[in-house]
Amino acid sequence: MRISVIGCGYVGLVTGACLAETGHEVVCTDVDAERISALRAGRVPIYEQHLDKLLESARGAGHISFTEDAGEAIRAGDAIFICVGTPPKESGEADLSAIDNVARQIAAEARSPKLVIEKSTVPARTGLELKRALGHYSRNGAATFRVASNPEFLREGTAIVDFFHPDRIVVGVEDEPAAEQLREIYRPILERRFHCPVHEPACPEGPHPPFLVTTINSAELIKHASNSFLALKISYANVIADLCEKLGGDVEEVTRAMGLDPRIGSQFLRAGLGFGGFCFPKDIQAFIHLADSVGVDFGLLKAAECVNKQRIDSFFEKIRKALWVLKSKRVAVLGLAFKAYTDDIRFSPALEVVKRLLEEGAEVRAFDPEAMARAEKALPKATYVRDAYQAAEDGDALLVCTEWPEFRQLDWEHMGELLARRLVIDGKNLLDPARMRALGFEYHCFGRAE
Ligand code: UGA
């Protein structure tokens with residue numbers, strides 16, 4: 001099928017690359033002309049495992065192209081995926097102006113029937129507004145529009161594997177032909193007929209993903225409800241960690257045992273600095289705002305957000321307790337990205353830690369395997385070094401702020417020799433407390449007996 005993708009961020013690029021790999025003809029566009037010329041020249045503007053290879057092979061096979069001319073992209077596709085940003089406004093409400101712009105563009109430029117699919121995360125009822133906007137601005141009699149919502153459940157860092165091996169594909173539609181068109185788009189994935197760049201030579205056996213057809217409103221709600229539930233789970237684990245600290249338990253033992261109950265599940269119970277990134281913090285705010293706007297008080301979610309905001313304060317309490325005065329102290333920071341396997345620093349708890357350290361007059365020496373360039377742009381006052389060992393040199397303390405597994409494999413004996421003081425405060429519960437203490441470190445983390 002001929003498919004247009006509007007917006008070449010994480011979601012748009014992964015969607016475009018994966019659909020091209022499954023044999024569709026994909027045209028991508030973005031308002032950022034520089035981004036488009038980089039992509040045309042084969043440069044991928046974000047770090048996402050396997051994405052570069054996938055784009056290279058799709059470009060080579062002629063299955064994907066990039067244009068800064070939105071009209072050209074819109075006219076090319078029978079189905080148009082909207083993958084533009086929906087950032088938070090000051091109030092927490094989602095800013096839908098990019099969606100509105102795209103709707104007007106599609107209406108003005110389309111010359112034939114189009115299936116317009118929202119992939120961006122949007123509040124419930126956006127699809128209805130989108131349908132209205134397309135109708136109002138349509139100028140060509142041959143252009144008719146169906147609207148659908150097809151939320152993505154991609155995690156940054158594993159987005160390609162998530163796209164090819166989804167837990168579920170959700171399509172919110174207004175009628176059966178729209179559902180059929182989406183089923184056609186996803187058929188190679190539903191039937192597992194594609195070349196998977198992640199699993200060589202073959203993907204592990206597993207059930208085919210369910211294809212769920214819902215109303216548009218339900219699909220939009222499914223996305224917000226899923227992200228919010230996961231955020232709730234994280235905040236719950238973080239409160240349990242606080243209780244463990246007060247009562248003398250070990251949060252790792254507690255959450256491991258909880259997770260073995262299949263009704264609870266073991267994922268997203270990791271305590272630490274809390275959730276960040278461009279999805280959870282903004283989605284939770286937008287969902288609270290949406291609920292408030294229709295008179296439903298989502299106190300549960302407000303509490304989860306509040307717990308999350310306090311994580312950094314509670315980390316600083318630990319830092320201050322151990323280091324006393326921060327001014328003029330040299331602090332090594334390991335990890336800047338909002339989580340491992342990404343270079344994304346948006347709403348990163350790690351970056352917030354660096355920012356506060358700098359504000360308090362500490363000298364920060366930071367390292368992250370992928371996010372250095374972005375962090376340096378955002379916070380140029382910190383010193384960014386080549387590796388974890390350089391970060392540790394003469395440090396009064398070392399903070400772990402992102403759960404990169406490679407930090408576990410460091411030669412911690414040598415790290416201890418490099419540091420001026422063997423003090424580690426682990427914001428991600430990444431390291432083994434017993435081992436660290438055996439190596440002579442003063443070691444603090446979240447929710448584990450000291
Ligand atoms: C999240 C969802 O997991 C995806 O399903 C969804 O599609 C995506 O948002 C989106 O809306 O686009 P992502 O933001 O990439 O994906 O990252 P997650 O892996 O969900 O992690 C979010 C944050 O929670 C990270 O800061 C992570 O460190 C933190 N986290 C995660 C914890 O603090 N504890 C945990 O147990 C798990």
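When a ligand or atom number is given, it counts from 1 through the structure's own listing order. Predicted model only: the values in this text are computed from it and were never measured.
Distances between N or O atoms of Lys339 and those of ligand 1 include at least one value under 3.5 Å. Where the criterion is an N or O separation shorter than 3.5 Å, residue side chain and backbone included, Gly276 meets it with respect to ligand 1. In terms of polar-atom proximity, defined here as any N/O pair under 3.5 Å, Phe338 does make such a contact with ligand 1. Here's the thing with Ile234: none of its N/O atoms is less than 3.5 angstrom from an N/O atom of ligand 1. In terms of polar-atom proximity, defined here as any N/O pair under 3.5 Å, Leu230 makes no such contact with ligand 1. The shortest N/O to N/O separation between Thr121 and ligand 1 does not fall below 3.5 Å.
Residue Glu403 touches ligand 1 through its side chain alone, judged by heavy-atom distances below 4.0 Å. Residue Lys428 touches ligand 1 through its side chain alone, judged by heavy-atom distances below 4.0 Å. Contacts between Phe278 and ligand 1 below 4.0 angstrom, taking non-hydrogen atoms only, are absent altogether. Residue contacts with ligand 1, taken as heavy atom pairs separated by less than 4.0 Å, involve Lys223 solely via side-chain atoms from C-beta onward. Within the 4.0 Å heavy-atom criterion, neither part of Leu273 lies near ligand 1. Residue contacts with ligand 1 for Asp162 are absent, since no atom lies close enough (heavy atoms, distance under 4.0 Å).
The existence of a salt bridge linking Glu245 and Lys318 is confirmed by a sub-4.0 Å separation between a basic side-chain nitrogen and an acidic carboxylate oxygen. A salt bridge does not link Asp426 with Arg408: every distance from a Lys NZ or Arg NE/NH1/NH2 to an Asp or Glu carboxylate oxygen is 4.0 Å or more. Using a cutoff of 4.0 Å between basic side-chain nitrogens and carboxylate oxygens, Glu191 and Arg183 are not scored as salt-bridged.
For atom 5 (O) of ligand 1, the closest non-hydrogen atom on the protein side is Phe153 O, 3.4 Å. Of all protein heavy atoms, the one closest to atom 37 (C) of ligand 1 is Phe268 CD2, 3.5 Å. Protein heavy atom at the shortest distance from atom 24 (O) of ligand 1 is Phe275 CB, 3.2 Å. Protein heavy atom in closest approach to atom 3 (O) of ligand 1: Arg155 CG, 3.4 Å.
With atom 8 (C) of ligand 1 as the reference point, the heavy atom nearest to it among Leu269, Asp167, Thr158, Leu154 is part of Leu154.
Applying the 4.0 Å criterion to heavy atoms of Asp283 picks out, from ligand 1, the atoms 11 (O). The contact set between ligand 1 and Glu152, taken as ligand atoms under 4.0 Å from a residue heavy atom, comprises 7 (O), 10 (C), 12 (O). Of all the atoms in ligand 1, the ones that sit under 4.0 Å from a non-hydrogen atom of Glu156 are 15 (O). For ligand 1, the atoms sitting less than 4.0 Å from at least one non-hydrogen atom of Gly274 are 33 (O), numbered in the order shown with element in parentheses. Close approach of ligand 1 to Phe280 (heavy-atom distance below 4.0 Å) involves ligand atoms 1 (C), 2 (C), 3 (O), 9 (O), 20 (O), 22 (C).
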| field | Test log, rule ring-ring contact (aromatic ring centres under 6.0 Å, His included), inputs Phe338 and Phe347 | value | CA-CA 7 Å; Phe338 83 95; Phe347 298 98; 9.8 Å; no
| message | Test side chain to side chain donor-acceptor pair (under 3.5 Å) on Asn150 and Tyr186; report intermediate values, then the result. | response | CA-CA 11 Å; Asn150 171 218; Tyr186 283 109; 2.5 Å; yes
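Using a 3.5 Å distance cut-off with no hydrogens or angles, the side chains of Glu48 and His50 do not pair a donor with an acceptor. A donor-acceptor contact closer than 3.5 angstrom links the side chains of Asn429 and Glu252. For Ser97 and Asp95, the side-chain atoms include at least one donor-acceptor pair closer than 3.5 Å. Asp411 and Tyr389 form no side-chain donor-acceptor contact under 3.5 Å, judged by distance and modelled atom types alone.
In this structure, Leu399 and Leu357 have side chains that are in contact, with non-hydrogen atoms separated by less than 4.5 Å.
Residue Gly277 places every heavy atom at 4.0 Å or more from ligand 1.
Looking only at distances, a side-chain donor or acceptor of Arg437 sits under 3.5 Å from a matching main-chain atom of Tyr443. Tyr384 contributes a side-chain N or O that, together with a main-chain N or O of Ala375, makes up a donor-acceptor pair within less than 3.5 Å.
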